[in-house]
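Have a look at the structure below before the remarks.
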Amino acid sequence: MIVEVEAYGGPPGGPWPDAASHSFRGPGGRNSVMFGPPGRLYTYRSYGIHVCANVSCGDDGTAAGVLFRAAAIELGVEIAQTRRPEGTREASLGRGPGNLCAALSISMDDYGVDLFAADSPVGLKFGAPEFGISGPRVGVSQAADRPWRFWLAGRREVSAYRRSPRAPAMGGSD
DNA sequence: GGTAAGATCAGC
DNA sequence: CTGATCTTACCT
């Protein structure tokens, strides 16, 4: 169950201009899924070592995505455990976007799959409680104060907030 | 064609 | 606090 997400928009001139988004500079390369139909998996490599996953949102042609930042592992805990360092606590199995993908074994091979198709290797379904709390996104240096991170209250799987060291001081223009 | 920075994480 | 390590963007 996803317990923490972040919203990412698109290029200037679109409905949700967002300098922090991979789609900000228009379609090309890794981000093409963001510009396609909604409900597809957008995976990208982070810092050369981790894989992070989003679901594309917005109509076909309009870039937007939601990054999966943390999840509670409800089924297959033992399997998830084998994909994470020995001794990882259960609440930490899917805490953080890179860790979440590791625990669920989401890789770059899953780039672009339809999350709502029955035969997909990765699936998504609705039904979690409402995300009541929001705050600034983690680690972004652009639009660093925009409160587009959402999480479930009281969940231990939610990751810690860390502002990017490259982000301007609070209250900077956005 | 080179280089630096990044929607990170774990281990010291 | 730092190193690991790959992709892209933005120079020259």
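Convention: sequence-line order gives letters A, B, ...; per-chain numbering from 1. Note that this is a predicted model, so its numbers are computed, not measured.
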Do [X] and [Y] come close enough that some side-chain heavy atom pair is under 4.5 Å?
| X | Y | value |
| --- | --- | --- |
| A/F35 | A/P11 | yes |
| A/P12 | A/F24 | yes |
| A/W151 | A/Y161 | no |
| A/V140 | A/Y8 | yes |
| A/D18 | A/R146 | yes |

Members sharing A/I49's hydrophobic cluster (side chains within less than 4.5 Å)
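Hydrophobic cluster check, A/I49: joined to A/Y47.
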Throw together a table of side-chain donor-acceptor distances under 3.5 angstrom for residues 104-124 of chain A, partners on residues two or more places apart or in other chains.
residue, atom, partner, partner atom, Å
A/S107, OG, A/D109, N, 3.1
A/D110, OD2, A/S107, N, 2.9
A/Y111, OH, A/R30, O, 2.4
A/Y111, OH, A/S32, N, 3.4
A/Y111, OH, A/S32, OG, 3.2
A/Y111, OH, A/V33, N, 3.3
A/D114, OD1, A/F116, N, 2.9
A/S120, OG, A/D114, O, 2.4

Please list, pair by pair, any protein nitrogen or oxygen found under 3.5 Å from a nitrogen or oxygen in nucleotides 9-12 of chain C.
residue, atom, partner, partner atom, Å
C/dC10, OP1, A/R25, NE, 3.3
C/dC10, OP1, A/R25, NH1, 2.2

Answer with yes or no whether the side chains of A/R89 and A/S92 bring together a donor and an acceptor at under 3.5 Å.
no
Please report the shortest heavy-atom distance between A/P129 and A/M1, naming the atom on each side.
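Here A/P129 and A/M1 meet closest at CD-SD, 4.0 Å.
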If you group Ile, Leu, Val, Met, Phe, Trp and Tyr by side-chain heavy-atom gaps below 4.5 Å, do [X] and [Y] land in one group?
| X | Y | result |
| --- | --- | --- |
| A/V5 | A/L152 | yes |
| A/V55 | A/F131 | yes |
| A/L93 | A/V3 | yes |
| A/I79 | A/L100 | no |

Given Watson-Crick or G-U pairs with both distances under 3.5 Å, what dot-bracket string fits DNA chain B, with | for other-strand pairs and [ ] for crossing?
||||||.||||.
Which distance, rounded to the nearest 0.5 Å, do you find between the [atom1] of [X] and the [atom2] of [Y]?
| X | Y | atom1 | atom2 | result |
| --- | --- | --- | --- | --- |
| A/E6 | A/R149 | CD | CZ | 6.5 Å |
| A/R137 | A/D145 | CZ | CG | 10.5 Å |
| A/N99 | A/E157 | CG | CD | 12.5 Å |

Aromatic ring of A/Y8 stacked on base six-ring of B/dA7, 5.5 Å, 30°
yes
Contact residues, residues 79-97 of chain A to DNA chain C [heavy atom, < 4.0 Å]:
none
Selection: residues 9-16 of chain A, any non-hydrogen atom under 4.0 Å of DNA chain C:
none
Report yes or no: does A/S21 contribute a side-chain atom to a donor-acceptor pair with the main-chain N or O of A/G10 at less than 3.5 Å?
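A pair under 3.5 Å: no.
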Over how many whole Å does the gap from [X] atom [atom1] to [N] atom [atom2] extend?
| X | N | atom1 | atom2 | answer |
| --- | --- | --- | --- | --- |
| A/E4 | B/dA7 | CD | P | 16 Å |
| A/F68 | B/dT8 | CZ | P | 16 Å |
| A/F24 | C/dT8 | CZ | P | 19 Å |
| A/N99 | B/dG11 | CG | P | 11 Å |

Pairwise N/O distances under 3.5 Å, protein to nucleotides 3-5 of chain C:
residue, atom, partner, partner atom, Å
C/dT5, O2, A/Y47, O, 2.5

May I have all residue pairs that pass side-chain hydrogen bond (donor to acceptor under 3.5 Å, both in side chains) and include part of residues 50-61 of chain A, sequence neighbours excluded?
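Those involving residues 50-61 of chain A do not exist here.
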Side chains of residues 68-76 of chain A: which donor-acceptor pairs under 3.5 Å do they make with residues two or more places apart or in other chains?
residue, atom, partner, partner atom, Å
A/R69, NE, A/E4, OE2, 3.1
A/R69, NE, A/S159, OG, 3.4
A/R69, NH2, A/S159, OG, 3.2

Among A/E90, A/R84, A/E86, which residue satisfies the side chain to side chain contact (heavy atoms under 4.5 Å, CB included) criterion with A/T88?
A/R84
Enumerate the residues from residues 129-141 of chain A whose closest heavy atom to DNA chain B is under 4.0 Å, giving them by residue number; use none for an empty result.
A/V138, A/G139, A/V140, A/S141
Near DNA chain B, counting only heavy atoms under 4.0 Å, which residues of residues 57-67 of chain A show up?
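Those residues whose heavy atoms fall under 4.0 Å from DNA chain B, taken from residues 57-67 of chain A in numerical order, are A/L67.
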A/N54 near the nucleic acid: base, sugar-phosphate alone, or nothing, with a heavy-atom cut-off under 4.0 Å?
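Touches a base.
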Indicate whether OP1 or OP2 belonging to B/dA7 is found under 4.0 Å from a side-chain N or O atom of A/R162.
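Result: no.
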Taking only distance into account, with no hydrogens and no angle test, what donor-acceptor pairs under 3.5 Å do side-chain atoms of residues 36-46 of chain A form with protein atoms, sequence neighbours excluded?
residue, atom, partner, partner atom, Å
A/Y42, OH, A/H22, ND1, 2.7

